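All remarks here apply to the structure that follows.
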Number of protein chains: 2
Amino acid sequence: MKKKSNGQYLENSRRGEILVAAAALFRAKGYEASTIRDITTAVGIASGSTFCHFRSKREILDAVAIEGMRHVLAGAETVAGRQLPPETCLKVLIRQHIGFLHDPPSRDFVTVLLYETRALSAGAKKEVMRLMALYEDIWKACLQGLVPVSNGRLRGAVSDSLLHRLLFGALNWSVHWYSPDDDLPPEVLAEALAELVLPAMRGSAESDVIGRSAT
Amino acid sequence: MKKKSNGQYLENSRRGEILVAAAALFRAKGYEASTIRDITTAVGIASGSTFCHFRSKREILDAVAIEGMRHVLAGAETVAGRQLPPETCLKVLIRQHIGFLHDPPSRDFVTVLLYETRALSAGAKKEVMRLMALYEDIWKACLQGLVPVSNGRLRGAVSDSLLHRLLFGALNWSVHWYSPDDDLPPEVLAEALAELVLPAMRGSAESDVIGRSAT
DNA sequence: CCTACCGATCGGTAGG
DNA sequence: CCTACCGATCGGTAGG
């Protein structure tokens with residue numbers, strides 16, 4: 001409950017206010033191009049006051065990314081707990097992911113965590129990757145449910161792992177073009193993406209499995 | 001001919017050497033985090049010498065992005081000129097795009113142009129967008145050919161414009177996970193992506209068209 | 001194309 | 001949490 005309503009409980013603390021302002025700036029201008037002074041001006045405090053709450057600028061980025069990823073994972077775990085039929089599950093996960101990417105305040109946190117991973121500290125990167133792997137597991141479980149017989153193999157050529165990556169890319173790229181206000185509604189975008197994927201897995205899995213890298 | 005062999009003719013001039021080194025650094029560390037001194041150290045000249053060839057750091061980024069986008073467009077125009085049947089055309093475009101993203105030296109230029117658009121000057125951004133629209137036109141022509149009757153509408157719900165965006169995202173996101181050396185071969189990745197898309201458009205277009213934003 | 005250098009701005013600190 | 005400040009580094013320039 002605390003983790004889900006990200007923006008609200010964050011804004012109750014000064015630390016949270018800084019995170020919210022930083023996430024918005026990092027999303028708009030990028031981490032490197034955003035300065036401590038940008039952030040503190042947005043919050044309304046002196047620049048030096050930042051370091052009562054964070055040891056460095058990087059630590060703010062780390063917190064934004066981890067907080068964002070926790071929010072995403074919590075949402076997906078809720079969906080997984082509902083035990084939906086696979087097709088519905090996929091549509092709901094897609095719809096939810098679009099919301100994470102485009103609805104404030106999560107979009108600031110999620111866009112930053114997706115596009116500023118490079119700048120994270122080693123520790124934070126590891127933690128974000130760990131949470132992201134759990135998120136991916138939920139998607140893969142759902143995708144595997146679409147073709148029950150498939151143990152990791154989907155229609156013809158595409159493994160569930162590869163399919164997840166392609167879907168993830170199609171979704172995450174939408175931050176570069178999609179605007180919920182004057183574009184098609186999120187539900188419709190989600191539906192379109194599901195319609196693209198589902199027909200591809202209704203055939204029988206005849207050929208060899210492609211895309212399962214030896215791990 | 002001059003434009004196609006990007007890396008080679010670029011490296012014949014000092015200006016070209018700077019562009020190649022800058023593209024590699026911008027890709028690895030990001031534009032903001034890369035310094036003039038990083039670039040000139042890589043080239044082997046003094047930092048001030050940069051400004052014999054470029055008026056500013058931003059102008060280097062502009063040149064990298066425009067050069068990269070010209071290369072991409074030239075490649076796609078060659079494919080379009082071959083008048084391939086639609087399915088083959090799609091597969092070739094996908095395969096070629098993967099090459100742009102992952103084969104040196106174009107990958108440095110292309111990754112930068114995709115992920116540092118924000119930092120471009122207004123003029124360069126406009127030019128890159130213009131070229132990108134031409135690139136998109138080639139894809140859309142190919143996609144429309146897949147369902148000849150479809151005038152802009154594909155299977156069920158997805159417009160060719162939306163489908164292009166989703167495909168583009170699935171491809172471009174691969175820079176975050178794909179490694180041509182120890183992952184599946186590029187041909188196989190291209191094949192998998194084509195197999196994902198093609199089944200979705202073999203059905204008849206029965207329902208309304210979704211994703212055609214009013215322009 | 002180099003040497004020598006500058007003004008601005010950055011992340012971060014000391015002391016209260 | 002603020003004031004006052006610092007050392008480092010940045011993009012860029014002057015003069016040759």
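Chain letters run A, B, ... following the sequence lines, proteins first, then strands; residues in each count from 1. Please read all numbers here as calculations on a predicted model, not as lab measurements.
If you measure from atom CG of A/L61 to atom P of C/dG12, you get 12 Å, rounded to the nearest angstrom. Distance A/E32 CD to D/dT9 C1': 13 Å, rounded to the nearest Å. Across the protein-nucleic acid pair, B/I18 atom CD1 and C/dC1 atom P stand 7 Å apart, rounded to whole Å. Summarising the geometry, the separation between NE2 on B/H53 and C1' on D/dG12 is reported as 15 Å, rounded to the nearest angstrom. Between the CZ atom of A/F54 and the P atom of D/dC1 there is a distance of 11 Å, given to the nearest Å. Atom P of nucleotide D/dT9 and atom NZ of B/K29 are separated by 12 Å, given to the nearest angstrom. One atom, CD of A/E59, and another, P of C/dG11, lie 15 Å apart when rounded to the nearest Å. Here D/dC10 presents its P atom at 9 Å from NZ of B/K57, a figure rounded to the nearest Å.
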### Query
Is there a side-chain contact (heavy atoms from CB on, under 4.5 Å) between A/R15 and A/L19 once you walk through the steps?
CA-CA 6 Å; A/R15 186 191 136 96; A/L19 285 181; 4.2 Å; yes
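With distances taken from any side-chain atom of B/F51 to the nucleotides D/dG12, C/dG12, C/dC2, the minimum falls on D/dG12. For A/S47, whose side chain is taken as the heavy atoms from C-beta onward, the closest listed nucleotide among C/dG12, D/dG11, D/dC2 is C/dG12. Listed nucleotides C/dC2, C/dG12, D/dG11 differ in distance to B/A46; the shortest reach to its side chain belongs to C/dC2. The side chain of A/R37 lies closest to C/dC10 when the candidates are D/dG11, D/dC2, C/dC10.
Residue contacts shown for B/S34 are limited to sugar-phosphate atoms, with no base heavy atom under 4.0 Å away. B/R14 comes within 4.0 angstrom of the backbone, heavy atoms only, and of no base. Note on A/T35: only backbone sugar-phosphate atoms sit closer than 4.0 angstrom, heavy atoms only; bases stay farther off.
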### Query
Would you write out the dot-bracket form of DNA chain C, 5' to 3', with Watson-Crick and G-U pairs under 3.5 Å, [ ] for crossing pairs, | for pairs to other strands and . for unpaired bases?
||||||||||||||||
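Defined by atom type and a distance below 3.5 Å, a donor-acceptor pair is missing between the side-chain atoms of A/Y135 and A/H164. Looking at B/D182 and B/S179, their side chains do bring a donor and an acceptor atom within 3.5 Å of each other.
The residues B/K140 and B/D160 are annotated as not salt-bridged, no charged nitrogen and carboxylate oxygen being separated by less than 4.0 angstrom. In summary, B/K125 and B/E116 do not engage in a salt bridge, as defined by a charged side-chain N under 4.0 Å from a carboxylate O.
Close to C/dG11, at under 4.0 Å from its OP1 or OP2, lies no side-chain N or O of A/S56.
Annotation: side chain of B/S174 is in contact with side chain of B/L101 (closest heavy-atom distance under 4.5 Å).
Seen from the ring of B/F51, B/K57 does not count as a face-on cation partner, given the 6.0 Å and 45° thresholds.
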